[in-house]
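Input: a single structure, listed below in structure tokens.
Please read these numbers as outputs of a predicted model, since none were measured by experiment. These numbers come from the heavy atoms of this one structure, side chains and all, not from hydrogens, waters or symmetry mates.
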Amino acid sequence: MQLHLKREDLYLIYIFLGISFSILLNAVFNSNGFISPDSSNYLSLAQNILNGDGYIIPSDRAQPFAIWPVGYSSMIAGVSFITGASVYYASKIVNVLFIAGIFICLRMYYKKETYLVALVFTWASYLVISFYTWTETFFIFALVFFCSGLYKCFSKNKPQFKDYLLLFCSLFLLIFSRYIGAFGIGLVGLFALYSFIKKLYLRASLLLVLTTIPIIILAYVLYTNFIITGYPTGMPRIPAPESHLELFISLISAFFYELSVLVYSGKSEVYLLFIGQLLVFFWCKHKMGLKKSTLTQKDTGFEKTLFIVGCTYLFFVILMRWLSHFDPFSYRLIGPGTCLLYIAGIGYGIKKEIFKTNWVRKYLITISIISLVMNGGYLLVKRYKNGITYNEMISNLNTETKHIPKGASVLFNNIHLNYLRLDLNMYRPYFKPYFSEQETWENLLKRIKKNENTLYINTNTDEIYIPERFHQSILNLYSNLPKNSGYIPYHYETR
């Protein structure tokens with residue numbers, strides 16, 4: 001039996017392969033591997049799970065993994081166990097699987113035109129998000145499935161059991177990918193109230209049951225975190241240090257980057273590319289116009305659901321960042337919301353036959369190909385030129401730290417050691433603005449696990465020189481150390 005694929009389905013496969021190869025090539029040839037401090041902690045937990053040591057951070061005195069939900073790390077551990085790949089490469093495979101899952105879900109709604117919606121994931125912000133070992137790709141996957149479940153439960157007069165099950169499972173995906181996913185529980189609760197008002201009592205009752213179980217589980221997780229760490233999400237959440245004007249400017253800048261789909265960072269180039277995109281679009285519109293839709297009515301309920309969920313997420317994440325300090329406004333923070341809005345917009349265009357206008361379709365495809373080539377290929381070559389691969393970087397790091405004995409304490413460790421050396425105790429002084437007070441050298445020594453009299457200090461780090469981040473006593477310590485001398489022992493008296 002031969003499998004006959006439509007041309008449009010082949011386009012979708014090509015897009016998926018293009019994104020997948022970009023993820024894997026960047027995993028191999030980017031020396032840092034798109035690993036951030038958060039990423040290293042996800043990988044650390046995944047490796048700890050594989051070792052059979054549970055959901056704790058081994059490098060932080062066996063504290064529970066409370067700052068982030070455990071879903072992403074659990075999936076990385078599962079893929080690593082099944083494939084035999086390291087947790088690092090398993091995390092990239094997981095991201096590829098999430099992209100595939102998103103495309104499969106969207107295929108149910110857009111059929112042969114799914115490839116047009118899938119092009120969103122070739123745009124700079126969402127492509128780079130998929131390069132990183134971050135929960136955001138998982139979270140976008142959860143959001144798309146949540147929108148699907150929500151739409152199915154409200155577009156039918158009598159939703160089936162599988163529709164409620166899809167919504168129920170998507171709620172778990174949301175809260176186990178990011179804590180802010182709890183907003184989905186609130187949305188379902190509002191729809192349950194709306195159903196009661198409309199006297200749809202069975203639907204309302206089922207929706208309330210669906211929300212009750214995730215609420216209980218999330219409350220248990222947050223309460224357990226609080227009992228053990230003193231904080232519901234494992235760390236203090238201090239007020240945002242920026243002024244309202246600074247936050248507003250940062251937010252507008254972040255949205256501007258989202259509109260300029262070819263780049264995710266930079267300064268002057270983002271404005272030039274954005275203006276160029278607009279000029280080309282309006283020139284084409286002026287010269288060739290748009291075909292009017294021949295349809296009198298077509299259901300756009302799924303697009304409305306995407307829009308509502310996307311806007312709700314953006315409202316809550318902006319509110320939380322406005323009130324407390326964590327990641328700055330950027331593609332990572334607002335990307336999941338804008339991604340849903342872009343999918344909704346293109347989906348609406350498909351329903352209204354806007355993309356039957358030849359130049360509009362070609363315009364969308366062209367900027368997407370440019371983004372994929374530029375962010376997935378050209379920038380990789382530019383970064384790798386005269387550089388080293390991820391594996392070479394890891395080999396160099398292992399050589400540099402092989403003299404550090406098991407159980408030692410390390411100050412300002414390279415973040416990759418978090419998952420490579422689970423036998424070490426990693427420390428950083430508490431610093432502003434993530435903590436309300438800068439930790440002194442004396443207090444840091446009190447906090448360090450006194451399992452032996454030697455502390456290893458990384459003298460290669462540039463982190464110490466970030467202005468106004470660390471206490472002066474920490475800076476004084478580093479001023480007396482030889483720079484770029486690797487990990488050197490520091491002897492102190494055990495108190």
Side-chain angles (χ1 to χ4, degrees), residues 5-6 8-20 23 71-72 75 79 93-123 125-127 129-130 135-156 159-178 181 183-184 187-188 191 210 298-313 335-351 355 368:
L5 294 174
K6 295 180 180 179
E8 290 82 0
D9 287 326
L10 287 174
Y11 293 161
L12 181 61
I13 292 173
Y14 295 152
I15 294 168
F16 172 71
L17 291 177
I19 295 172
S20 300
I23 292 172
Y72 187 49
M75 292 185 179
V79 170
I93 296 171
V94 166
N95 284 1
V96 169
L97 294 176
F98 284 138
I99 295 294
I102 293 169
F103 287 3
I104 290 170
C105 182
L106 294 176
R107 181 68 175 74
M108 295 188 298
Y109 294 96
Y110 299 111
K111 307 305 180 186
K112 68 177 184 178
E113 293 173 304
T114 306
Y115 76 97
L116 292 171
V117 181
L119 289 170
V120 169
F121 293 89
T122 66
W123 297 353
S125 292
Y126 318 117
L127 188 64
I129 282 174
S130 68
T135 57
E136 275 66 26
T137 303
F138 177 19
F139 189 62
I140 293 172
F141 167 82
L143 284 172
V144 171
F145 269 81
F146 174 69
C147 291
S148 180
L150 203 59
Y151 170 69
K152 286 180 179 292
C153 286
F154 282 90
S155 63
K156 300 177 181 179
Q160 298 176 325
F161 172 77
K162 64 180 181 180
D163 300 324
Y164 288 111
L165 181 62
L166 174 62
L167 182 59
F168 180 71
C169 292
S170 68
L171 284 175
F172 275 96
L173 290 175
L174 284 176
I175 63 175
F176 280 104
S177 56
R178 289 174 63 187
F183 85 92
L187 263 183
V188 176
F191 278 107
L210 290 185
K298 201 166 187 178
D299 178 34
T300 56
F302 182 59
E303 290 71 39
K304 292 174 182 176
T305 305
L306 288 165
F307 181 81
I308 291 171
V309 174
C311 288
T312 305
Y313 166 78
T338 58
C339 184
L340 293 189
L341 298 185
Y342 273 128
I343 294 173
I346 295 177
Y348 182 84
I350 291 171
K351 298 288 180 65
F355 292 101
S368 300

Quiz item: How about Y164 and F168: are their ring centres within less than 6.0 Å of each other?
Solution: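 No - the distance between ring centres of Y164 and F168 does not fall below the 6.0 Å cut-off.
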Where [X] and [Y] come nearest, the two heavy atoms and their spacing:
X    : Y    : value
T338 : G335 : OG1-O, 3.1 Å
L12  : A118 : CD1-CB, 3.5 Å
E113 : I350 : OE1-CG2, 3.0 Å
C339 : I140 : SG-CG2, 4.0 Å
L167 : G149 : CD1-C, 4.0 Å
A142 : L174 : CB-CD2, 3.8 Å

Exercise. Would you indicate whether K156, at its atom NZ, is surrounded by more than 12 heavy atoms from other residues, nucleotides or ligands within a distance under 6.0 Å?
Key: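 It does: K156 NZ has more than 12 such atoms within range.
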Practice problem: On the 0 to 90° scale, with breaks at 30° and 60°, tag the Y313-F183 ring pair as parallel, tilted or perpendicular. | Solution: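 Tilted: the ring planes of Y313 and F183 meet at 30° to 60°.
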Quiz item: Among I308, T305, L306, which one satisfies side-chain contact (heavy atoms from CB on, under 4.5 Å) with L340?
Solution: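 In the set I308, T305, L306, the residue that makes a side-chain contact (heavy atoms from CB on, under 4.5 Å) with L340 is L306.
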Quiz item: With respect to F121, which candidate in I129, L127, I343 satisfies the side-chain contact (heavy atoms from CB on, under 4.5 Å) definition?
Solution: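 Looking at I129, L127, I343, the match for F121 under the side-chain contact (heavy atoms from CB on, under 4.5 Å) is I343.
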To the nearest 0.5 Å, what is the distance between [atom1] on [X] and [atom2] on [Y]?
X    : Y    : atom1 : atom2 : value
L165 : Q160 : CG    : CD    : 12.0 Å
F141 : S170 : CZ    : OG    : 10.0 Å
Y110 : K351 : OH    : NZ    : 5.0 Å
E303 : Y348 : CD    : OH    : 9.5 Å
F139 : I175 : CZ    : CD1   : 11.5 Å
F16  : T114 : CZ    : OG1   : 14.0 Å

Quiz item: Can we say K111 and E8 salt-bridge, meaning some charged N sits less than 4.0 Å from an Asp/Glu carboxylate O?
Solution: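 A salt bridge is absent here (no side-chain N lies under 4.0 Å from a carboxylate O).
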Self-check item: Pairing residues for L166 by the side chain to side chain contact (heavy atoms under 4.5 Å, CB included) criterion, not counting sequence neighbours
Solution: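 With sequence neighbours excluded, L166 shows a side chain to side chain contact (heavy atoms under 4.5 Å, CB included) to F145, S148, K152, given in chain and number order.
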Are the side chains of [X] and [Y] in touch, meaning some heavy atoms are under 4.5 Å apart?
X    : Y    : result
L187 : F146 : yes
Y109 : V117 : no
Y14  : Y115 : no

Quiz prompt | F176: ring pair (Phe, Tyr, Trp, His ring centres under 6.0 Å) partners, not counting sequence neighbours | solution =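 Scan of F176 (ring pair (Phe, Tyr, Trp, His ring centres under 6.0 Å), adjacent residues dropped) gives none.
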Quiz prompt | Test log, rule side chain to side chain contact (heavy atoms under 4.5 Å, CB included), inputs V94 and F138 | solution = CA-CA 8 Å; V94 166; F138 177 19; over 6 Å; no
Please table the atom pairs, donor to acceptor, closer than 3.5 Å between any side-chain atom in residues 95-107 and protein atoms at least two apart or in another chain.
unit_1, atom_1, unit_2, atom_2, d
N95, OD1, Y72, OH, 3.0
N95, ND2, S130, O, 2.9
N95, ND2, Y132, O, 2.9
R107, NE, D9, OD1, 3.1
R107, NH2, D9, OD1, 3.2
R107, NH2, D9, OD2, 3.4

